[in-house]
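Scope of the values below: all heavy atoms of this structure, side chains included, with no hydrogens, waters or symmetry mates.
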Amino acid sequence: MKLGKVSLLLLILIPLALAIGSVATFFVYERMQDQHQVNLADLEKFGYEMVPSQTYTESTGELGAQQLPATFAEKKLTPTERVIRGLMQDKENLLAEQQALKDQISALHDQIDELKQYKELNQHFAPETFEQELKRTKAQLKATLLRLPETERYSNIQVEIMAAAGMQEYQRFVRANRLMLDREQRGEIIKDHLPGYAFCIGNAVELAANNLDELRLLINWFNDPDAVRLPGMLAADLDKLLPACQQPLRQALDTTLPALDTAG
């Protein structure tokens, strides 16, 4: 009986002791956590508290003069304070260098934008090369011909020959007279003189060329006569037919010279 009472008493006391111990442990843990947070806050302020800011800040005197921070205070710093002070100064220097680099990058971007604008402006107003001028002349003449109803009777390959022949005569006229024509002057020549010559060439090649291969050969020849050699019979036919087209055109272009020279 006595043993049973002791066992019952132990069954009651042991859980009670464990519960009391758990509650005590919880309160001790909570207090330790609060103290840990306080320690962290103190540690964060440690660097700033170790080096008083008013010792190193600028101040204004009674008469309004700016006073630089005292330098002799450095001697009173402990080794730890000097390390903290050095790290803080390094941080300030890095921030200043970073801002300086940003300013340089911004200035370089501005220079790049200015150069791009200058390049675009220069390209807009720069005169064309002579090769570009000839290509534009041929394209304009072809576009002019395609708008005219008289062109409908010619094939596409014949129109290509007519435009190339007109470009070749324009090249001869400009080089022979050492002219530098602006867009308006060139446009007048294309509109007033080259279409009639082109139609004459269309009729001439229709008589001279015997097949499609010779028509294609004539396109290359009118584009670059020095680089293409024509068959004997085709060349002989052109020698007879071309002067009838070239002479009226060249005479008409020569009459425009006084006006072109005055404009130049």
Side-chain angles (χ1 to χ4, degrees), residues 124-231 233-264:
H124 180 73
F125 289 103
E128 293 179 317
T129 65
F130 190 55
E131 182 179 355
Q132 291 172 329
E133 183 178 349
L134 293 178
K135 289 181 179 179
R136 190 178 296 275
T137 300
K138 178 183 175 182
Q140 286 182 277
L141 176 57
K142 182 179 178 181
T144 300
L145 292 174
L146 292 175
R147 289 194 296 266
L148 298 175
E150 296 88 341
T151 311
E152 293 180 1
R153 61 177 297 268
Y154 298 100
S155 66
N156 291 334
I157 194 169
Q158 285 176 310
V159 173
E160 283 290 334
I161 294 173
M162 293 155 65
M167 178 196 69
Q168 187 186 103
E169 279 299 306
Y170 175 87
Q171 178 183 13
R172 186 209 63 81
F173 173 67
V174 171
R175 282 184 171 173
N177 297 283
R178 298 181 180 180
L179 297 175
M180 293 182 62
L181 305 182
D182 58 27
R183 292 183 180 181
E184 184 177 354
Q185 293 169 330
R186 181 176 62 207
E188 291 178 357
I189 291 176
I190 293 172
K191 180 184 69 173
D192 299 336
H193 301 287
L194 294 185
Y197 171 73
F199 288 130
C200 184
I201 290 296
N203 296 331
V205 298
E206 194 171 21
L207 295 173
N210 297 313
N211 51 54
L212 186 60
D213 289 337
E214 289 189 350
L215 285 175
R216 289 171 177 164
L217 191 61
L218 286 175
I219 293 178
N220 297 330
W221 184 78
F222 277 111
N223 279 316
D224 191 358
D226 297 330
V228 178
R229 185 173 181 179
L230 297 177
M233 293 186 63
L234 180 59
D237 289 341
L238 287 179
D239 288 340
K240 296 175 183 178
L241 295 170
L242 288 186
C245 300
Q246 293 170 340
Q247 289 176 2
L249 172 66
R250 293 177 183 181
Q251 290 174 0
L253 289 177
D254 287 342
T255 62
T256 66
L257 283 174
L260 295 175
D261 291 337
T262 302

Can you find a pair of side-chain heavy atoms, one from Asp182 and one from Gln185, that are under 4.5 Å apart?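 In contact.
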4.5 Å side-chain heavy-atom contact, Leu249 and Tyr170: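 Heavy-atom side-chain distance check fails, nothing below 4.5 Å.
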I need the full list of side chain to side chain donor-acceptor pair (under 3.5 Å) pairs touching residues 191-202, with sequence neighbours left out, sorted by first then second residue.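 Residue pairs passing side chain to side chain donor-acceptor pair (under 3.5 Å), neighbours aside: none found.
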With sequence neighbours excluded, give me every disulfide bond (SG atoms under 2.5 Å apart) pair touching [range].
range: residues 148-188; answer: none
range: residues 147-188; answer: none
range: residues 159-197; answer: none
range: residues 138-205; answer: Cys200-Cys245

Exam field: side chain Gln251 to backbone Pro248, donor-acceptor pair closer than 3.5 Å: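 It does not hold such a pair.
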Rounded distance (nearest 0.5 Å) linking atom [atom1] of [X] with atom [atom2] of [Y]:
X: Leu146; Y: Leu141; atom1: CG; atom2: CG; value: 9.5 Å
X: Leu179; Y: Ile189; atom1: CG; atom2: CD1; value: 7.5 Å
X: Leu242; Y: Asp237; atom1: CG; atom2: CG; value: 10.0 Å
X: Leu230; Y: Leu238; atom1: CG; atom2: CG; value: 6.0 Å
X: Leu145; Y: Leu194; atom1: CG; atom2: CG; value: 9.0 Å
X: Leu241; Y: Ile201; atom1: CG; atom2: CD1; value: 9.0 Å

With sequence neighbours left out, what residues match Asn223 under side-chain hydrogen bond (donor to acceptor under 3.5 Å, both in side chains)?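 Only Lys138 meet the side-chain hydrogen bond (donor to acceptor under 3.5 Å, both in side chains) criterion with Asn223.
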All side chain to side chain contact (heavy atoms under 4.5 Å, CB included) counterparts of [X], not counting sequence neighbours:
X: Asp226; answer: Asp224
X: Arg147; answer: Ala143, Thr144
X: Pro243; answer: Gln247
X: Pro231; answer: Leu217, Leu234

Anything under 3.5 Å between a donor and an acceptor, one on a side chain of residues 152-167, the other on a protein residue two or more places apart or in another chain? List them.
{"from": "Arg153", "atom 1": "NH1", "to": "Asn203", "atom 2": "OD1", "distance (Å)": "3.0"}
{"from": "Arg153", "atom 1": "NH2", "to": "Glu206", "atom 2": "OE1", "distance (Å)": "3.4"}
{"from": "Tyr154", "atom 1": "OH", "to": "Phe199", "atom 2": "O", "distance (Å)": "3.4"}
{"from": "Tyr154", "atom 1": "OH", "to": "Asn203", "atom 2": "OD1", "distance (Å)": "2.8"}
{"from": "Ser155", "atom 1": "OG", "to": "Gln158", "atom 2": "N", "distance (Å)": "3.3"}
{"from": "Ser155", "atom 1": "OG", "to": "Gln158", "atom 2": "OE1", "distance (Å)": "3.3"}
{"from": "Gln158", "atom 1": "OE1", "to": "Ser155", "atom 2": "N", "distance (Å)": "2.9"}
{"from": "Glu160", "atom 1": "OE2", "to": "Lys142", "atom 2": "NZ", "distance (Å)": "2.2"}

Minimal non-hydrogen separation, [X] against [Y], with atom names:
X: Phe130; Y: Arg175; value: CE2-NE, 3.3 Å
X: Val228; Y: Trp221; value: O-CD1, 3.5 Å
X: Glu214; Y: Ala209; value: OE1-CA, 3.4 Å
X: Glu133; Y: Arg186; value: CG-NH1, 3.1 Å

Can we say Arg172 and Glu169 salt-bridge, meaning some charged N sits less than 4.0 Å from an Asp/Glu carboxylate O?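 Salt bridge flag = yes for Glu169 with Arg172.
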